[in-house]
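Residue numbers start from 1 in every chain, and the chains themselves are labelled A, B, ... in the order their sequence lines are given, proteins ahead of strands.
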Amino acid sequence: MKFGVIVFPGSNCDHDAFWTVEQVAKQPVCFLWHESHDLENCDVIIVPGGFAYGDYLRTGAIAKFSPVMDSVSSFAAAGGLVLGICNGFQILCEAGLLPGALIRNTGLKYICKPVSVRVENADTPFTSSCEERQVLTIPIGHMEGNYFCDDATLARLQRDKQIVFRYCTADGETTPDANPNGSVDNIAGICNPGGNVLGMMPHPERASEPELGGTDGFQIFQSLAGALAAK
Amino acid sequence: MNPVTENSISPELIREHGLTSEEYEKIKRLLGGREPTITELGIFSVMWSEHCSYKSSRVHLKRLPTRSRNVVQGPGENAGIIDVGDGWACAFKIESHNHPSFVEPFQGAATGVGGILRDIFTMGARPVAVMDSLRFGPIAAATAASENRGGTAKSEIHKNHSLLEGVVGGIASYGNCFGVPNLGGEVKFEACYSGNPLVNAFALGLVRRDEIYYAKAAGVGNPVIYVGAKTGRDGIHGATMASEEFSEGSEAKRPNVQVGDPFMEKLLLEACLEALQTGAVVGIQDMGAAGLTCSTCEMGARGHLGMEIELDRVPQREAGMTPYEIMLSESQERMLLVVTKGREDEVFRIFEKWGLDAAEIGFVTDSDTMRVLHHQEVVAEIPNPALTDDAPLYRRPSERWEAEVPREMPAHIRLSSPGDMTPQLERLLASPNICGKRWVWEQYDHMVQTNTVQGPGAGDAGVIRIKGSQRGLAMALDGNSRWCYLDPRLGAMHAVAEAARKVACVGARPLGATNCLNFGNPEKPHIIWQFSQVIDGITKACEELDLPITGGNVSFYNETLGEGIYPTPVLGVVGVLEDVHRTVFSHFKGPGRAIVLLRGSEPGDATDAELEFGSSEYAKELLGTVWGFPPALELEKEAALQKAVIEMIDSALLESAHDCADGGLAVALAESSFAHNIGVRVDLTSDGLAAEFVLFGEDASRIVISCDRSYVSRIQQVAVRYGVFADIIGETKAGEFDIAMDGRAVIFADVARLRQAYESALETALTAEPGR
């Protein structure tokens with residue numbers, strides 16, 4: 001039972017995810033270097049936030065060619081658990097592990113603030129500690145968090161319950177005003193059809209300890225620890 | 001062998017290099033009577049520039065107190081370091097990037113952040129927080145019209161908007177990618193900054209007390225290794241540009257501004273810290289202002305050794321660069337390392353892992369000389385002291401100066417129409433200097449690294465935890481240039497006192513300070529007088545508050561077309577919380593709590609109040625006139641106040657604490673109300689003063705606290721012990737904001753309405769078309 005956190009050049013939330021897994025969730029964890037194919041027998045792979053390769057060409061566009069991503073793709077295809085946070089979500093979309101793309105926020109600016117998201121699907125290994133329609137307060141911090149996909153994909157996501165988090169008001173209403181970045185259908189996080197790959201823009205590791213202002217994000221780590229224990 | 005000398009150094013060339021003929025004669029003397037080569041001339045030019053040599057300021061800076069029990073490293077290194085306990089030390093510093101930010105706001109500000117971050121991690125410290133102090137010209141017509149300058153042109157307001165947007169964008173882009181939380185700082189507006197915005201960047205890093213590195217060469221024969229980005233032609237003479245006034249054609253200096261690459265910097269950080277861990281590195285310095293030149297001669301000078309470098313081995317971005325260009329380039333994201341001979345490969349392997357260039361370009365010599373070769377020829381050979389200790393030192397003429405403002409309250413000012421002051425409060429809350437700066441700080445990642453306990457907008461100071469320890473660090477930036485304009489010495493004392501007070505208001509004990517001193521042209525006697533007065537004020541306040549200055553930066557020549565800025569010292573104060581969980585925020589937590597005003601001193605009489613009110617935000621914004629003097633400041637009482645509030649917080653007696661500053665008591669109360677929609681019911685007595693003085697006067701040494709009613713008597717006991725006043729002025733109340741004076745209502749509003757005025761003002765100003 002082990003977590004692995006990938007380190008790309010330019011990852012900057014790798015240590016944060018590592019800390020939360022090790023110190024808060026009390027689970028074994030290691031770093032995985034981008035140039036290695038070896039996932040070191042990890043059971044959960046976290047693709048952390050940051051600016052992999054500076055995000056210079058397009059967010060995630062270069063990171064998807066990293067050797068480690070080959071292994072992550074095979075691992076995911078075999079049902080392994082993969083969590084992409086922020087830049088990690090962008091990379092998973094670029095790598096084709098999740099549908100759609102994350103484009104520039106409608107306000108054209110970087111936004112860092114806590115937002116409310118509603119749990120749309122509590123029946124995933126990432127959200128099993130949550131209640132369906134529960135509202136979580138978790139911070140975002142991104143310039144390209146505006147989720148976009150075509151209508152057919154959106155319909156599929158909706159039909160198959162692949163939308164896991166949607167931006168909402170504090171009361172749980174998914175209004176346009178509650179959407180910080182222009183995402184289609186207020187999407188804040190989606191999973192693949194198998195439910196074993198999740199990408200989310202909010203940073204759960206930033207809301208996992210009371211001194212940081214909240215612990216709602218910890219439910220994601222708790223769910224994962226539970227899923228592994230049940231294996 | 002003598003360096004190749006082409007006797008082509010004309011008087012014009014000397015002038016173009018910002019050197020006087022006397023300075024040129026001194027150069028020849030220091031070179032043993034010979035003419036410098038063109039490369040040497042360039043080297044002297046940057047090293048003797050005001051920016052690098054501090055030639056006009058050094059005689060004054062010596063007066064600053066720099067020692068205390070906690071100081072590990074004072075001024076003279078890349079950053080100051082203080083001991084913060086539990087085996088940890090923190091490196092911190094503030095630095096200006098004013099000139100580049102005016103020429104190219106986005107890259108100028110971005111590279112300002114990049115430069116200060118390198119200053120921190122070159123000490124072996126991982127940067128864990130940044131803050132910024134920013135100053136711009138007016139961003140709204142209303143502000144401009146009140147400046148007594150006949151208003152500000154629309155085009156100027158547009159320009160200020162784009163400067164603000166560019167600077168904020170640049171800071172965000174660099175810090176967010178690098179992955180360091182931005183904990184806020186200050187953004188201020190005054191007409192004098194229209195042609196001269198100020199961008200002062202502060203950074204703080206953590207390092208184990210026994211793992212600090214210094215920028216010092218050691219070990220004759222040890223290899224000198226260049227790491228990081230390749231050298232290009234960018235930024236040549238940046239330091240010289242920062243040592244001149246701006247004129248009409250200054251935008252043409254854009255090629256002097258460097259372009260930042262935060263991704264490269266992040267790799268450089270990780271690689272450098274990993275390389276330091278090997279123990280193979282004996283000295284390290286970043287290449288900032290004056291690039292390779294500065295790092296080579298300064299590292300040598302500190303170690304009383306020399307360096308010989310071969311420019312052909314320097315990684316270069318373009319072909320055909322001359323020695324002059326290579327030595328003076330200010331390309332970003334580069335470092336110079338001295339490594340133990342025989343252990344080079346350990347270092348090379350790490351840089352290769354991070355995909356960075358690393359090249360051995362020379363070695364340490366026992367000669368006390370910087371020797372530079374290009375194509376096997378010596379292109380520069382200069383004794384290190386000639387560039388450092390023997391650089392010119394000027395005791396420039398100083399002349400007393402008075403601000404051109406009335407010292408008495410002008411006769412046309414009408415105050416104290418008794419009645420509803422709510423509209424005035426609303427206007428003050430929406431004024432550019434006071435209004436909420438969310439539009440700015442939401443563009444900064446203030447949470448990365450998961451240490452942020454108090455981010456921007458949360459409390460008076462930024463607070464981070466230290467992972468693996470109960471301890472926390474608090475930091476705040478402060479400066480009030482209008483007060484320094486009215487009285488430079490007193491204004492500077494206030495900057496120290498207020499920055500320290502903000503740190504105390506979150507419960508941290510202030511331990512050290514850094515300063516960024518922004519002034520006009522030091523060749524003008526009145527500017528030197530302002531500078532000297534400010535140094536006196538900082539010195540006095542730091543001594544009384546027991547705060548050492550561990551480093552900082554001086555920025556002169558902040559003038560455009562001969563028009564100087566207000567004297568603008570910005571202080572950064574760092575403090576320690578023994579238990580970060582005890583920190584308090586500035587906002588009220590619930591209804592029915594007692595509100596207590598802590599005061600160091602008794603309020604002055606009516607005459608004082610009138611003179612001091614002229615320096616307030618209210619006078620500037622609502623009356624459109626500035627007069628008089630900054631508020632009086634009794635430093636002993638300020639120190640007692642800070643100690644008292646720290647003890648109250650440490651004893652868990654307080655629910656909130658907020659420095660009562662810009663905009664006075666009414667604004668402080670309002671600011672504490674916004675976060676949870678918890679307002680106040682407060683009763684004040686005028687004691688015969690005008691209502692404006694009581695509500696909006698900016699008396700120093702005051703803190704608004706809230707607490708459970710049952711703690712009031714214990715709070716008052718602490719206050720008595722420190723000789724501090726602690727009067728109950730009212731209680732908190734859900735959703736409503738009511739202030740009465742002498743029993744009559746003077747302010748009554750919904751918190752939500754006040755909050756709306758406060759929160760929306762900045763964005764409205766930036767999106768609105770200036771003018772009517």
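Of the N and O atoms on the side chains of A/N87 and A/D55, at least one donor lies less than 3.5 Å from an acceptor on the other residue.
Within residues 264-271 of chain B, the residues having any heavy atom closer than 4.5 Å to a heavy atom of chain A are B/K266, B/L267, listed by residue number.
Side chains of B/W88 and B/L473 form no contact here, defined as non-hydrogen atoms less than 4.5 Å apart. Put simply, the side chain of A/F165 reaches to within 4.5 Å of the side chain of A/T127, judged on heavy atoms. Looking at heavy atoms from C-beta onward, B/I464 lies in side-chain contact with B/V128 at the 4.5 angstrom threshold.
Side-chain atoms of A/N105 come within 3.5 Å of backbone N or O of A/G145 as a donor-acceptor pair. B/E578 places no side-chain N or O within 3.5 Å of a backbone atom of B/R471 that could act as its donor or acceptor partner. The closest donor-acceptor contact from the side chain of A/S183 to the backbone of A/N179 lies at 3.5 Å or more, if one exists at all.
Aromatic ring centroids of B/H587 and B/F585 lie under 6.0 Å apart. In summary, the aromatic rings of B/H161 and B/F136 are positioned with their centroids too far apart to meet the 6.0 Å limit. Two rings, from B/Y758 and B/F674, have their centers less than 6.0 Å apart.
Of the atoms belonging to A/P48, not a single heavy atom falls under 4.5 Å from chain B. Neither the backbone nor the side chain of A/Q23 comes within contact range of chain B, judged by heavy atoms closer than 4.5 Å. Residue contact with chain A, scored on non-hydrogen atoms closer than 4.5 Å, involves the side chain of B/H581 exclusively. At a 4.5 Å heavy-atom cutoff, the contact between A/S11 and chain B is made by backbone atoms alone. For chain A, the nearby part of B/T452 is the backbone; its heavy atoms alone come within less than 4.5 Å. Only the backbone of B/N451 comes within less than 4.5 Å of a heavy atom in chain A; its side chain stays farther off.
Chain B forms more heavy-atom pairs under 4.5 Å with one residue of A/W33, A/Y53, A/Y110 than with any other, namely A/Y110. Chain B forms more heavy-atom pairs under 4.5 Å with one residue of A/H203, A/E205, A/E209, A/H15 than with any other, namely A/E209. By number of non-hydrogen pairs under 4.5 angstrom with chain A, the leading residue of B/R438, B/Q454, B/K353, B/R465 is B/R465. Comparing B/A458, B/G455, B/G179, B/C177 by how many heavy-atom pairs each has under 4.5 Å with chain A, the most go to B/C177.
By the 6.0 Å and 45° rule, A/K113 does not stack over the aromatic ring of B/W441.
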